[in-house]
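Have a look at the structure below before the remarks.
Computation of the quantities below employed the complete heavy-atom set of this structure, encompassing side-chain atoms and omitting hydrogens, waters and symmetry-equivalent molecules. This one's a predicted model, so the numbers in the text were calculated from it and none came from an experiment.
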Amino acid sequence: EFYSPMCGHCAHFAPSFAQIAQLLGKSGDALAARMDLYHHQVPRSAKAAGFDIQSFPTLILVRPTTTSVKLVTYPRWRRDVNTVLSWVKEELAKPV
């Protein structure tokens, strides 16, 4: 998750993200991480790799491939626990 502590949507989503991170950690399906873009900038190398942050919060799934990574940005506005977890599982089920 890329977020800003000044963002109301981010503050509202934070408890859901914490629950998502915990559930993904328990299942071993994925590792969830957060980056505060109010206090830190996206490194140039990340921008070059395709991290395109247009709004907050932005969820991006990073999938390793044999030669690089595939970035998949969460396409929906609805950010409840079940919807986000379903999206992660759907994306992980797709071939890279």
>> Tell me whether Arg78 at atom CZ has more than 12 heavy atoms from other residues, nucleotides or ligands lying less than 6.0 Å away.
In response: no
>> Give me the atom names and distance for the closest heavy-atom approach of Cys10 to Pro57.
In response: SG-N, 3.6 Å
> Yes or no on side-chain contact (heavy atoms from CB on, under 4.5 Å) for Asp80 and Phe13, after CA distance, side-chain angles and deciding distance?
Replying inline: CA-CA 8 Å; Asp80 62 89; Phe13 180 63; over 6 Å; no
[atom2] on [Y] to [atom1] on [X], rounded to 0.5 Å:
{"X": "His9", "Y": "Phe56", "atom1": "NE2", "atom2": "CZ", "answer": "12.0 Å"}
{"X": "Phe51", "Y": "Thr73", "atom1": "CZ", "atom2": "OG1", "answer": "9.0 Å"}
{"X": "Arg79", "Y": "Ile20", "atom1": "CZ", "atom2": "CD1", "answer": "10.5 Å"}

Look at the side-chain heavy atoms of Ile, Leu, Val, Met, Phe, Trp and Tyr, link any pair under 4.5 Å apart, and say whether [X] and [Y] land in one connected group.
{"X": "Leu92", "Y": "Phe17", "result": "yes"}
{"X": "Val88", "Y": "Ile60", "result": "no"}
{"X": "Leu61", "Y": "Val81", "result": "yes"}
{"X": "Phe2", "Y": "Val69", "result": "yes"}
{"X": "Leu71", "Y": "Met35", "result": "yes"}

>> Pair Tyr74, Thr58 - check side-chain contact (heavy atoms from CB on, under 4.5 Å), show working.
In response: CA-CA 7 Å; Tyr74 183 70; Thr58 295; over 6 Å; no
>> Any non-hydrogen side-chain atom of His12 less than 4.5 Å from a side-chain atom of Cys7?
In response: no
> Less than 4.5 Å apart, any side-chain heavy atom of Thr83 and any of Leu85?
Replying inline: no
>> Strictly distance-based, threshold 3.5 Å: is any side-chain N or O of Ser86 a donor or acceptor partner for the main-chain N or O of Asn82?
In response: yes
>> Taking Lys94's backbone N and O only, do any of them form a donor-acceptor pair with Arg63's side chain (distance below 3.5 Å, no angle check)?
In response: yes
>> Under 6.0 Å from the ring centre and within 45 degrees of the ring axis: does the NZ or CZ of Arg34 meet both conditions for the six-membered ring of Tyr3?
In response: yes
> Would Leu24 and Leu31 satisfy side-chain contact (heavy atoms from CB on, under 4.5 Å), going step by step from the backbone distance to the final call?
Replying inline: CA-CA 6 Å; Leu24 288 173; Leu31 174 66; over 6 Å; no
